Protein chains: 2
Amino acid sequence: MAVSIKDVALKAGVSIASVSRVLSGKPGVGAKTAERIRQVIDELGYRPNLGARGLVKRKTGNIAVVVPRGSYILNNPFFSTILDGIAKEIDQTEFNLLMSFTSVQQQRLLETQAVDGAILFSPRNEELSMDWLKSLAIPIIVVGSYLEDSPFPCVRPDDEEGVRQSVTALFNKGHRTIGLVNGPMSSMHSVRYYKGYESTLKYLGIPFSKELVFELDEFDGGKVVEVVSEFLKGNQHMTGVVCSSDFLAMGVMKAADNANVSIPHDLSVVGADDVPISSFLTPSLSSVHVDLIGMGRKAVSILTQLLEEKELEKKEYIFPMHYVDRGTTGTPKMKR
Amino acid sequence: MAVSIKDVALKAGVSIASVSRVLSGKPGVGAKTAERIRQVIDELGYRPNLGARGLVKRKTGNIAVVVPRGSYILNNPFFSTILDGIAKEIDQTEFNLLMSFTSVQQQRLLETQAVDGAILFSPRNEELSMDWLKSLAIPIIVVGSYLEDSPFPCVRPDDEEGVRQSVTALFNKGHRTIGLVNGPMSSMHSVRYYKGYESTLKYLGIPFSKELVFELDEFDGGKVVEVVSEFLKGNQHMTGVVCSSDFLAMGVMKAADNANVSIPHDLSVVGADDVPISSFLTPSLSSVHVDLIGMGRKAVSILTQLLEEKELEKKEYIFPMHYVDRGTTGTPKMKR
DNA sequence: TTGTAGGCGTTATCAG
DNA sequence: CTGATAACGCCTACAA
């Protein structure tokens, strides 16, 4: 049986009101009484029950991080690095962090008034009903991507710029046949990557070919390597490939290895997001860097602003990307 | 203003007691009334307030996952894979998942009656006070490692067996000078790895040399590669190395690359845990596999058993490990 | 400066 | 079968 405010009041010989006052640092308690109360609190090791407090204050003190269904996500460093940022920033606040990984969980979490606000991680357009989200009537932030036609503020990388830089980097090294390995088009992230890829090619005067675009439903382990291997075999004239994530790039590297395609000798590869692990690969992965930790932090900080009823300066917080040249990119050979 | 049980009762023309009864599926409500109530609940989109319910039931419906301080952890696939299992299993229950990443967070979480039980992820001996943990008076499970002299059930890999198998695998390939790259000794995981390494060498009749053991405080990015490179240079007669995690093994691979040591030609490397990403490395990493997802699931399932006041069959749930031969291991060359 | 009492949304006990 | 009503732990007017 946990010690309650009543126990403290009793032992200190005061009313619970006074205890409550010193607890919340409110004025109206004599110095001596306050001191005594504090001492009793200490002695008894009293801790306020957050649930009860939430009930009357109508605040839970929790915020939710909602990640899309599909377990692949947890092993995706794009996610864990942003989560790292979220965790760091949340540590500066008084909030607890609730996480949900499935739609059942998120329903329970969001509909039962268990949280004051939520951070949606790279949601897919088709998975979340906008009406439902709005009906929740709590502040919501989208991070990593954004929802189409959504009223929610979002924090995301400047994808178009990222893919522009990676395609251009390959172009500048002499590549003229550049493929794209992309994620599922249900994510706006992939959509933007696709568009940016297309427009950059056009800008550079390179013909666009549907053959060179590969869309992966997700990175679900072994299967990926197989299909990407096929893709590589079917496009032997391709000398470079840009990917919409480092995770995909890793798959490409492995597939290349499988297909006896040497990187960067036969094929140059550029990832995206530059997750921490990228520089540990062999060869180390060229990528377009973005401050994922900062994105996580930003998501939390604007959510807490909203929670404090402050106005946001803008609706989209777009983080710059910049190309980082490492070991997976080189000049193209004449022929593969 | 969220709709409460009162609103439902009002609109249905019944007492809140009856509403509460249909909500919790308790008997004592006429079929017709129940039907009407259900309908109103639907119309109003009523959802019970978990906090209020928790207050009277003295259950929060939350369980905590406590991860040790230090951000490296989030990008460690050992963690994220176990977390994956935790998430999967939690989905089978009615619990919400609260996470804490720092000591401040875990204090708030655990001391404010915000959770019914907790899963401690690979805790370090010095970071958690046993007395404090006991004083919380909630069920606690340790996963990934264990706490010395702790009364808490734990779920962990059979580390001793793992290192025995990896050392033996190298031995069988002809290696006689085998190093160990280990984590910090504050983790029991490292301690067991160290012991297993030592005893296996003795069993195989290989002399133990302190020079060949390298202890890394943690995998904190670039620095690791540097120091491991030094280690490799200082031990050129070493033909194989076993690591206490795949994460460390990746660092060794990168360091080897830096030092112009070719794997597995010049040096064989064995990781541990066989995280999903391992098979995507080039060359793919030899490791000792363990069912990390299963460990996560098990942690949740025994915690919920405890929460239901059921007895546990045992105190330690040890998962078997078995060596998986992949690309980073080969026969030793005569000389490096 | 202090205490009393009402209420936050639920569940549970006890009458009717 | 149904409905008051008293908790649960806490906050906060309002009184004293």
Side-chain angles (χ1 to χ4, degrees), chain A residues 1-38 40-41 44-62 94 96 108 111-116 137-138, chain B residues 1-38 40-41 44-62 94 96 108 111-116 137-138:
Chain A
M1 195 60 178
V3 19
S4 86
I5 198 173
K6 228 181 268 179
D7 305 316
V8 177
L10 198 66
K11 177 149 188 192
V14 298
S15 74
I16 60 171
S18 293
V19 179
S20 177
R21 283 187 192 105
V22 328
L23 241 42
S24 40
K26 290 209 171 140
V29 183
K32 274 171 61 183
T33 344
E35 185 46 45
R36 182 154 35 99
I37 293 176
R38 258 185 280 274
V40 174
I41 287 180
L44 263 40
Y46 166 75
R47 294 275 144 177
N49 178 319
L50 283 197
R53 177 177 290 176
L55 198 53
V56 21
K57 302 202 82 161
R58 293 154 170 296
K59 308 241 160 175
T60 63
N62 299 325
E94 297 273 83
N96 288 322
R108 227 192 358 249
E111 289 183 347
T112 56
Q113 302 146 68
V115 298
D116 298 332
I138 56 173
Chain B
M1 195 62 179
V3 20
S4 86
I5 199 173
K6 228 181 267 182
D7 304 316
V8 177
L10 198 66
K11 177 149 186 190
V14 297
S15 74
I16 59 171
S18 294
V19 180
S20 178
R21 284 188 190 102
V22 328
L23 242 41
S24 39
K26 289 201 174 146
V29 183
K32 274 172 61 183
T33 344
E35 186 46 46
R36 183 153 35 100
I37 292 176
R38 257 186 280 275
V40 175
I41 287 180
L44 263 41
Y46 165 78
R47 294 275 143 177
N49 179 319
L50 284 196
R53 177 178 290 175
L55 196 55
V56 22
K57 301 200 85 160
R58 296 160 165 292
K59 309 240 159 173
T60 63
N62 299 325
E94 297 273 84
N96 288 322
R108 222 187 8 243
E111 289 182 347
T112 57
Q113 303 146 65
V115 298
D116 299 332
I138 56 172

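Residue numbering restarts at 1 for every chain, and letters A, B, ... go by the order of the sequence lines. None of the values given here were measured: they were computed from a predicted structure.
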Touch class at under 4.0 angstrom, heavy-atom based, for A:Gly30 against every strand present: sugar-phosphate
D:dC8 OP1/OP2 closer than 4.0 Å to side-chain N/O of A:Ser4: no
OP1 or OP2 of D:dC8 under 4.0 Å from side-chain N/O of A:Lys6: yes
Nearest-Å distance for atom pair NZ/P, residues A:Lys59 and D:dT12: 12 Å
B:Asp116 to B:Ile138 - nearest heavy-atom pair and separation: O-CB, 3.5 Å
A:Thr33 (side chain) donor-acceptor with A:Val29 (main chain) under 3.5 angstrom: no
Sugar-phosphate, base or nothing in reach of B:Ser18, heavy atoms under 4.0 Å: sugar-phosphate
Interatomic spacing from CZ in A:Arg58 to CG in B:Asn49 - rounded to 0.5 Å: 9.0 Å
Touch class at under 4.0 angstrom, heavy-atom based, for A:Arg58 against every strand present: sugar-phosphate
Global bending angle along the helix from C:dT1-D:dA16 to C:dG16-D:dC1, which compares the axes of five pairs at either end, to 10 degrees: 50°
B:Arg36 CZ - D:dC1 P separation (whole Å): 15 Å
Gap between atoms CD1 and P, on B:Ile16 and D:dT5 respectively (whole Å): 11 Å
Euclidean distance, atom CG of residue A:Leu10 to atom P of C:dT4 [Å, nearest integer]: 12 Å
Whole angstrom value for the distance that separates P of D:dG9 from CG of B:Leu55: 7 Å
Length of the CZ-P vector between B:Arg47 and C:dT10, whole Å: 12 Å
Atom pair distance, as rounded to whole Å: CD in A:Glu35 and P in C:dT1: 16 Å
B:Ser15 side-chain N/O to D:dA4 phosphate OP1/OP2 under 4.0 Å: no
Side-chain N,O (B:Thr33) to OP1/OP2 (D:dC1) below 4.0 Å: no
Could you give the side-chain donor-acceptor pairs of residues 5-16 of chain B under 3.5 Å, partners two or more places apart or in another chain?
residue : atom : partner : partner atom : Å
B:Asp7  : OD2  : B:Ser4  : N            : 2.7
B:Lys11 : NZ   : B:Glu43 : OE1          : 3.2
B:Ser15 : OG   : B:Ala17 : N            : 3.3
B:Ser15 : OG   : B:Ser18 : N            : 3.4

Contact check, side chains of B:Glu35 and B:Arg38, non-hydrogen atoms, under 4.5 Å: yes
Among C:dT10, D:dC11, D:dA13, the nucleotide that comes nearest once only the side chain of A:Arg53 is considered: D:dC11
Touch class at under 4.0 angstrom, heavy-atom based, for B:Pro27 against every strand present: nothing
B:Arg21 (side chain) and D:dG3 (base): donor-acceptor pair under 3.5 Å: yes
D:dT12 phosphate, OP1 or OP2, under 4.0 Å from A:Lys26 side-chain N/O: yes
B:Lys59 NZ to B:Arg53 CZ distance, which is reported to the nearest 0.5 Å: 13.5 Å
Flag side-chain contact, heavy atom, 4.5 Å: A:Leu50 against A:Asn62: no
Whole-Å distance separating the NZ atom of A:Lys57 from the P atom of D:dC11: 7 Å
Closest non-hydrogen atom pair between B:Leu55 and A:Ala52, with its separation: CD1-CB, 3.6 Å
B:Asn49 side-chain proximity, nearest of C:dG9, D:dG3, C:dT11: C:dG9
